[in-house]
Amino acid sequence: MLYKEVIRINNEINLKDSLFSGQSFLWIIDTDRPEYYVSVIGRSPVVLRQISDNTLEIQSTSNTVRNRLLPDFISNYLSLDIDHKYIFSEHFPPLYQELWKILGDYLSLRILRQDPFETMISFMCAQGIGMHLIRKQVSMIQQCYGEKTFITLAGKEIPLHIFPTPERLAAVDPLAFSICTNNNRIRASNIVLAAQGVAEGRINFDHPGMRELPLSELRNTLCQNRGIGFKIADCIALFGLGRFDAFPIDTHVKQYLEKWFNSTTALRSLTPASYLALDAEARTFLNPDFAGYAGHILFHCWRKEVKKLRSF
DNA sequence: CCCCAGGCTTTTC
DNA sequence: GAAAAGCATGGG
């Protein structure tokens with residue numbers, strides 16, 4: 001049965017940039033109806049469309065999530081509970097006036113609260129390669145190992161794949177799986193090991209405290225797994241565990257820290273030591289509780305406005 | 001041909 | 001300790 005509703009929100013949102021800024025790699029656009037964005041959240045196929053700055057149309061044909069709860073479900077996913085005024089402190093705009101003007105168009109970017117397992121695997125695919133290759137890997141994992149389902153949109157059935165469960169990925173042959181990891185066998189093996197960790201309960205994202213641990217402890221815990229370093233650990237925390245204080249530092253973040261914030265630390269090569277130094281530095285001009293939320297807005301703005309990247 | 005992409009691990013000084 | 005090489009592929 002089709003369920004459709006319009007939800008109104010307090011803040012503005014840029015839905016497309018929020019979904020396609022590279023925090024989730026799983027949203028697709030139906031070429032016949034490019035204004036509709038389709039994906040599976042949890043195990044529920046969902047369709048979203050932006051109606052105005054602060055209204056969205058949401059659709060679902062699934063009863064996995066009780067449909068009457070869908071608005072709350074979507075609100076949580078899009079972090080609509082987070083007010084814009086928390087993200088940057090009041091001291092920020094006067095200190096960085098030029099940057100603040102450019103950032104204006106990007107403040108409506110929302111961070112998604114995604115599934116932690118999906119987030120972990122997606123960002124393990126993101127080592128030293130371009131965004132399109134990352135997206136290719138994640139969608140191949142979905143299509144090769146994910147359960148197939150459908151969403152009905154305007155009478156047309158669109159096929160979709162649910163992201164595979166930890167148990168499914170735990171059971172695959174790493175060598176065969178490497179066709180999904182850009183032929184990188186080490187990465188394939190690391191992902192299978194991580195999936196086994198989740199399937200066997202050694203990695204437990206539902207563990208009480210996982211979302212309250214001090215950031216350094218959480219990061220060190222996640223880094224126990226092969227293929228996960230500081231950056232990927234922080235991405236899992238930020239996008240998968242709703243830890244908006246986690247501040248992942250990659251090549252782009254390093255670049256904008258130098259150019260926009262005159263960080264001399266950012267001139268050094270990115271090592272564990274300089275990573276921690278940059279992390280501490282960023283918290284002096286970003287609100288520490290929302291450093292990663294702000295960081296993702298800066299990241300997306302940097303890539304689009306300065307690097308002129310079209311595909312993201 | 002080069003260098004760079006949402007890095008991490010191993011080896012070498 | 002810090003630096004360098006290896007991993008893999010596509011695009012500028």
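Labels below follow one simple rule: chain letters A, B, ... track the order of the sequence lines, proteins then strands, and each chain is numbered from 1.
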Query raised in the report: Between the main-chain N or O of Leu257(A) and the side-chain N or O of Ser263(A), is there a donor-acceptor pair closer than 3.5 Å?
Result: no
Report task. When you get a sec, tell me which of dA8(C), dA5(B), dC8(B) is the closest nucleotide to the side chain of Gln127(A)? Result -> dC8(B)
Requested in this report: Just compare dG7(B), dG10(C), dT9(C) and give me whichever is closest to any side-chain atom of Ile129(A).
Outcome: dT9(C)
Query raised in the report: Does a nitrogen or oxygen in the side chain of Arg226(A) sit under 4.0 Å from OP1 or OP2 of dT10(B)?
Result: yes
Query - Minimum-distance nucleotide to Ile186(A) side chain [options: dA8(C), dG6(B), dG10(C)] - result: dA8(C)
Report summary line: In whole angstroms, the gap separating P of dG12(C) from CZ of Arg303(A) amounts to 13 Å
Report task. With heavy atoms under 4.0 Å as the rule, sort Phe230(A) into base, sugar-phosphate or nothing. Result -> sugar-phosphate
Query raised in the report: Which listed nucleotide (dT9(C), dG11(C), dG6(B)) is nearest to the side chain of His132(A)?
Result: dG11(C)
Report summary line: In whole angstroms, the gap separating P of dT9(C) from NZ of Lys136(A) amounts to 9 Å
Query raised in the report: dG6(B) C1' sits how many Å from Lys231(A) NZ, rounded?
Result: 4 Å
**Report entry** Lys259(A) atom NZ, neighbour heavy-atom count above 12 within 6.0 Å
**Finding:** no
Query - C1'-based separation of dA2(C) from dG6(B) [nearest Å] - result: 24 Å
Query raised in the report: How far, in whole Å, is dG11(C) from dC8(B) if one measures between their P atoms?
Result: 24 Å
Requested in this report: Please answer: with hydrophobic residues joined when any side-chain heavy atoms are less than 4.5 Å apart, are Tyr106(A) and Phe285(A) in the same cluster?
Outcome: yes
Report task. Please indicate whether Arg283(A) has more than 12 foreign heavy atoms, meaning atoms of other residues, nucleotides or ligands, lying under 6.0 Å from its CZ. Result -> yes
Requested in this report: Give the rounded distance in Å between these two atoms: CG of Asn184(A) and P of dG10(C).
Outcome: 13 Å
Report task. Would you indicate which nucleotide in dG6(B), dA2(C), dA8(C) comes nearest to any side-chain atom of Asn183(A)? Result -> dA8(C)
**Report entry** Cationic tip of Arg49(A) above Tyr37(A) ring, under 6.0 Å, 45° of axis
**Finding:** no
Report task. Send over the distance from Ile249(A) CD1 to dC8(B) P, rounded to a whole Å. Result -> 11 Å
**Report entry** Atom-pair distance (CD1 on Ile236(A); C1' on dG7(B)), nearest Å
**Finding:** 13 Å
Query raised in the report: Quick one: do the Thr149(A) and His161(A) side chains pair a donor with an acceptor below 3.5 Å?
Result: no
Requested in this report: State whether Thr251(A) places a side-chain N or O below 4.0 Å from either non-bridging phosphate oxygen (OP1 or OP2) of dA5(B).
Outcome: yes
Query - Sugar-phosphate, base or nothing in reach of Gln23(A), heavy atoms under 4.0 Å - result: base
Requested in this report: Rounded off to whole Å, could you give me the CD1-to-P distance for the Ile191(A) and dC8(B) pair?
Outcome: 13 Å
Report task. Whole angstrom is fine here: how far is it from CG in Asn190(A) over to P in dC7(C)? Result -> 15 Å
Requested in this report: Take Cys235(A) and Asn225(A), find for each the nucleotide of DNA chain B with the closest heavy atom, and name the residue whose nucleotide sits nearer the 5' end.
Outcome: Cys235(A)
Requested in this report: Side chain of Ile134(A) only, please: which of dA5(B), dG7(B), dG6(B) is the nearest?
Outcome: dG6(B)
Query raised in the report: The side chain of Ala273(A) lies closest to which of these nucleotides: dT9(C), dG6(B), dA2(C)?
Result: dA2(C)
Query raised in the report: For atom C1', what is the distance between dG10(C) and dC1(B), given to the nearest Å?
Result: 15 Å
Query raised in the report: Who are the side-chain hydrogen bond (donor to acceptor under 3.5 Å, both in side chains) partners of Arg110(A), not counting sequence neighbours?
Result: His84(A), Tyr293(A)
Query raised in the report: Looking for any heavy atom pair under 4.0 Å, which part of the strands does Ile232(A) touch: base, sugar-phosphate only, or nothing?
Result: sugar-phosphate
Query raised in the report: Within the structure, does a side-chain N or O atom of Asn182(A) lie under 4.0 Å from either OP1 or OP2 of dA8(C)?
Result: no
Requested in this report: Remember a base hit wins even if backbone is also touched, and classify Gly128(A) as base, sugar-phosphate or nothing at under 4.0 Å, heavy atoms.
Outcome: base
Query raised in the report: Where the side chain of Arg185(A) is concerned, which of dG6(B), dG10(C), dA8(C) is the nearest nucleotide?
Result: dA8(C)
